[in-house]
Structures are given as C-alpha cells and as structure tokens.
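Structure, as structure tokens:
For clarity, every value in this text was computed on a predicted model and none was experimentally measured. For the numbers below, each heavy atom of this structure counts, side chains included, while hydrogens, waters and symmetry mates do not. Reminder, nothing fancy here: chain letters follow the sequence lines and each chain counts from 1.
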Amino acid sequence: MKLLTKLTLFITLSKLLIVVLFVVMLPLLVNRVSFQYTNYYLGEQKKKVLAVIQKNGVDYYLQGDSAYGSYTMLKEEYISLFPAGNQVVSDTIETSQRIVDNDTLNYRVLTHTLTYGHQHYLLEIGKTTATIGEYNHLLQRFTLYILIGLIAISIIADLVYTNVLLRPLARIVRTKLVDRKFPFKESLPPVKTSTSDFKYLDNSLISLMEKIHEAFDKEREFTSNASHELMTPISILQTNIENMMVDESISEAQQEKISAMMKTLNRLKKIVHSLLYISRIENDQFAKNDTVNMHTVVTEVMDELSHRLEINDIGFTNSVSMNAGVKQVNHDLVFQLLYNLINNAIRYNKPNGFIQVMDQYTPGEHYTLLIKDTGIGIPPEELTTIFNRFKKSGQQGGEGYGLGLSIVKSIALYHEFEIKVNSELGKGTVFSIEIPWQMMAD
Amino acid sequence: MKVLIIEDEKAMAKDMCTFLEKSFYLCDIAYSANEGNNLMEENQYDFILLDLGLPDKDGLEVLNETKKMCPNAAYIILTARGDLDDRIKGLDLGADDYLAKPFSLLELQSRMQAITRRRSGNNDPLIELGDFYLDLNKRAVWFEKKDIELSRKEFDLLSYMLLHKNRPLTRFQLSEHIWGNFSDDEYDSNYIDVHIKNIRKKMSVHAPVDWLQTLRGIGYKIKI
C-alpha cells in the first residue's frame, strides 16, 4: 500500500474513532453538565430567596401558617419553607420525589436549614428533572454538528498537507528509480525539498547510482584494456604455433600435439574476442541506425547455421511475420543476438529435435520474438544465472554456456530489449525477446 | 613478391616473415614507422603489412604517408584494436584489406593471394589440382571440361586447402576460414569432416583424389 494511502486511511480512521467516542459519551457529558448547571441554578435561587426572606422576614411568608409552599403553574419549580424544630442539616442537593397537587414528580431538590430568630426553618428549592434534560437533545445535536464539521475540516487539512509533504518522495521515486536503466549513465539533479529526510534519501540515491556507474565504467575499461593487452601475446603464440606446424622437421606425433595446442589457443582467442565484443557493445561502439526485418534476419541466421541443423537432423521453422520491422537497431548486433540464441537451441537440442522462431504482437506495449526448442532444457536453479559471464552449465556435455548468453544480454540491454527465458528440464526452452513498441517500424 | 612488414612486436614480425618466405615471398621487417620509411626509400614493395599500434607514430598517419611513398603497393592493416572506426578509416585511406589480431598466418596469405588475383585481372585463374582444374574467379571445378558441382562452402574449403597446398591444416584453421568469427571451436571442426567427405565423393567419381590426405588427429592436407 502506498504511504499516502496509509496515512490517509490512518487519519480518516482515527478521526472517525474520535467522532464515535464522542457520540457515545455525548449524552453522559451533556447530562452531567445540565445537572451541574441545575445545582448552580438552585444555589443561585437559594441566595435570592434568602435575600428576600432577609428583607421581608419569615413571617411575611408564613403568615401564621406553619409552612409555606409555592410552585409555578406547570409545577416545574417549587419553593417550600417550614419549621425544622431543632434539627439542623447542612445543605444537600439530591434528586427525590415530591407530591405536588397530588402529582408525584421527580425533582432536583436543594435543602437548606435557615435560622431566623431562634427558630430553624427548612428551605427546599426544587426543579423537575424533566426540565433539566429539556435542552439536552438540542445541545447534543448542535455539538455533534460542530464536531463533525471541525473533523471534516481537519481531515481535509491533514490530507492536503501530507500530500504536499510527500510530493518530493513521489518525485524521487519517479525520477530516480522508476524506469532508470542500468548502468545509470546520466546523473540527475537533486529533487527540491525542505524535508531533510527526503534530501538525505535523494542524495544517497544519487551517490549510490554514481558509485554503481563508476564501478561499471571501471569494469568496462578493465575488460577492454585487458582484452587488448591479451591480443598481442595471443597473436604471437598463434603465428609461432602455425609456423611450427609447417616445419618439415616435425614428426606427425608432434604435429598432433601442436594441433591440440592450437585448439586450446583457439579457445583462449574466442574468450578474449567475446570479452572485447561485450566491452565494445558496452562502450556504445555500434551505431543504432538500422531498420531490420526480423523475418529476414532469422533467415540469414539460418543460412549460416544450416549445416549444423542438417547434421543433427533438427527441424526448423521461421514463423516470424514477413513485415516485422524494427528500427533504431544495429543489424550486426541483432544478427549476433539471434545467432547465439538459435545456435544454443541447436547445440542443446536432441537428435531429431525441433526449433521454432515466432513472434507475438502486444500493440502499444511490445513486440515479442520467441525462440522455442525441444532440447534438454535448463534446470530451474540455473535459469537466473545463465546470462552471467563464464557461467557453466551444471549438466554434462561440453563447455557450458560460456559467453554466448552474456553477449545476448549485452546486446539486449544496449537496445533496451527485454530477454526472458522459460524452460522445462528435458522438454525444451523458450527464449523471448521483448522489443518496445515504439521501436517498431511503420 | 616483396613484402614489408611494419610491426613493433619482434616475435610476431619474424613469424610472419618465416611463414611468408616458405611461400616464396621476400620479406623485410621494420620495427617502427621510422625504420619503415627508411626501407621504403630504398626499396619498392608489392605488399606492405602495417600494424596500427606502432610506438613512434599513429598507424593511420603512417598509412597516409606511406601511401604517398609507395602508391603501387597493396596495404593490409593489422591491428589489435579491433575498433570499427579504425577499420573504416583504414579502408578509406586506401588499405586493401584489414586483419584483426590475433589472425591466422594462413588467413593473411590467403588475403594477400586474393589481392594479387584482384589486381592481375583475369590472367590465368585456372589452377591445376591432380586431374582437375579450379577457376577461382568463376568459383568452378572442372574435369575434362565437365563441371563438378560443389557447394559454396565446399568450394571455399577446397580452394583454401589448395592455396596452402603441402601444408598440414588443422580442422580449426579450416573452420575458422569457413565460418570466420562464427566458428565454434570443436563443434564446427566436425562439420569440416562432413564437407571433406562430400568433396571426395563428388570428385572421386571422375578421377582419384589421393592428393587430399587425412592427417589423423590433426586435419587435412593437399599434397601435389
């Protein structure tokens, strides 16, 4: 999952959780607040009543009766005053039932002991609990709306900010990592950002790729130099051996030994040649100006290899479409690529085997060339390493893959083709070359 | 035929000389561009074999200068550089052929022969081989005016062996000539046997081919 998606999800979910918690707790909170307010209201009422009693005197209210009671028409509030004897209690506020005009109602009641003259009176101020919760609903709804509004605003603000914050990361990934081709030849400018973590990441990537490119350059230079240096002594050896071969004083037994030396020297020569060839490809020494017809190139390769097919009794079909043109390539390299693959298909085939070269179109994406053989196949554990230089096949039967497939890989990389291999041991191998669609000639 | 070898690797130059002298070429050796210039002032040469990696001067520059001194000679460039650019430049500057090191001396001689043939026009291209005649220009083999049909590779093989007659040729040397850079060591050398078998079969119908000898464990030789 993308970092931005994760953050978005987290932000949204955490805020939703807050809303849910709030919704659950809201009635409790509102109740508490309104009870507290009622208590405060009752206290205030008490003060007013006491002030009035102070002014008018208790008798003004009692008027000879033993008790005084007053309530509003809807019985929402009441005040009562009656003598309390000697009993003095401290102020209490509690919820209890009172019977007013034969109605039993729940009241929040403040009880206060009032001392007037030498007489103790009990003052009660009550408010029906029904009126206490009167505004709760409205209050709840109102707070909820405000909360949801605020949360929505904060979610939007968070998302916009994280989006802006993470934009440099996306840019680093897009410019530095996506579609970059080994060996990272062009160095790219750093991505502009004020976040030091991204700066660090970006700079590390840049220096890492520079290092890779440097190492690649060094290896390339070494291969090229070493191969050239090797060529001269090999030349001397070869001319020397060839002269020995025609020396009349040499016996046939010695000639046979010289012939064996020549064979070994030949192998050495081949290796150095291949290394030089690879280094020349990697040094961009082949122009990519040709437009080639794939069917024709396959036919050319077959002409060159026909003797090997005949002797091994291997069947061959070229099913490549007649008009499959690929532009911006080097003809010789494309020839060599197909030559090496088809040559392997012959070499690792079985007697009376079969080879088929065909193609597939995936319009807009790529054009694929498939080289299919009925050969001995490649063990799965070797599939990932067959393109490596000097990788030998674990199977018996000769010199392994040598440098042939390394050359194939270099040529493919040079042309930005993709090489894939599928193989089933004992049944055969399919090499596929994916050519980018934009390289197709019209 | 007089040959000047301009090559700074002494062992290499001497080997080329030894080999070519066996085919009756006369060789002079120069180990530097300067020595080469001195020799050219005194002698006329038919062939100049020029190494491009000389210590005292850039090879292509040398080619440019010597072309003026010895305009009639045939030039073959030898180089370990293998650069496509050098090859093209060399041929542009008027070199007749190009050989990348390491090369086979047989190949060198066959290229020289080809140049000679090209330069002499159609004069006497028929070569005698036992009771047969080879026409290198028409790429044909005759027996008493009868045309013997050989495949392209079979003819290449036969004419190459004939060019290097009386020399033992290994299978690798032959396959390298036939398939060039595409030759595949041990693998291709077996095909040489198949081609030789075909040549013998096609020609022995008309006359004995005992001049084509098999050298056990080595290769083949045309002995005449």
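- Rounding to the nearest 0.5 Å gives a distance of 4.5 Å between CG of A/L333 and CZ of A/F286.
- No side-chain donor from either of A/N388 and A/S406 sits under 3.5 Å from a side-chain acceptor of the other.
- Options B/A11, B/P168, B/A13 differ in how many heavy-atom pairs under 4.5 Å they form with chain A, and the most are formed by B/P168.
- The side-chain tip of B/R111 does not point at the ring of B/Y98 from less than 6.0 angstrom away and within 45° of straight on.
- Listed by sequence position, A/I234, A/S235, A/I236, A/Q238, A/T239, A/N240, A/E242, A/N243, A/M245, A/V246, A/D247 are the residues of residues 234-248 of chain A in contact with chain B, using a 4.5 angstrom heavy-atom cutoff.
- Between chain A and the options B/H164, B/M16, B/H195, B/K22, the largest number of non-hydrogen pairs under 4.5 Å is found for B/K22.
- For B/K221, no part sits under 4.5 Å from any heavy atom of chain A, backbone or side chain.
- We find that B/K101 and B/E7 are joined by a salt bridge, their nearest charged nitrogen and carboxylate oxygen being less than 4.0 Å apart.
- Salt bridge A/K327/A/D290: absent, no basic N to carboxylate O contact under 4.0 Å.
- With a 4.5 angstrom heavy-atom cutoff, B/S151 does not touch chain A via any of its atoms.
- B/S23 and B/Q109 form a side-chain donor-acceptor contact under 3.5 Å, judged by distance and modelled atom types alone.
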- Task: Determine, stepwise, if the pair A/I371 / A/L338 fulfils side-chain contact (heavy atoms from CB on, under 4.5 Å).
- Result: CA-CA 9 Å; A/I371 294 137; A/L338 290 173; 3.9 Å; yes
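- Ion pairing between a basic and an acidic side chain is recognised when a charged N comes within 4.0 Å of a carboxylate O; A/E256 and B/R216 show no such pairing.
- Residue B/L106 touches chain A through both its backbone and its side chain, counting heavy-atom pairs closer than 4.5 Å.
- A salt bridge is absent between B/D156 and B/K153: the closest approach of a Lys/Arg side-chain nitrogen to an acidic carboxylate oxygen does not fall below 4.0 angstrom.
- The candidate with the highest count of non-hydrogen atom pairs below 4.5 Å against chain A, out of B/L78, B/L108, B/T170, is B/T170.
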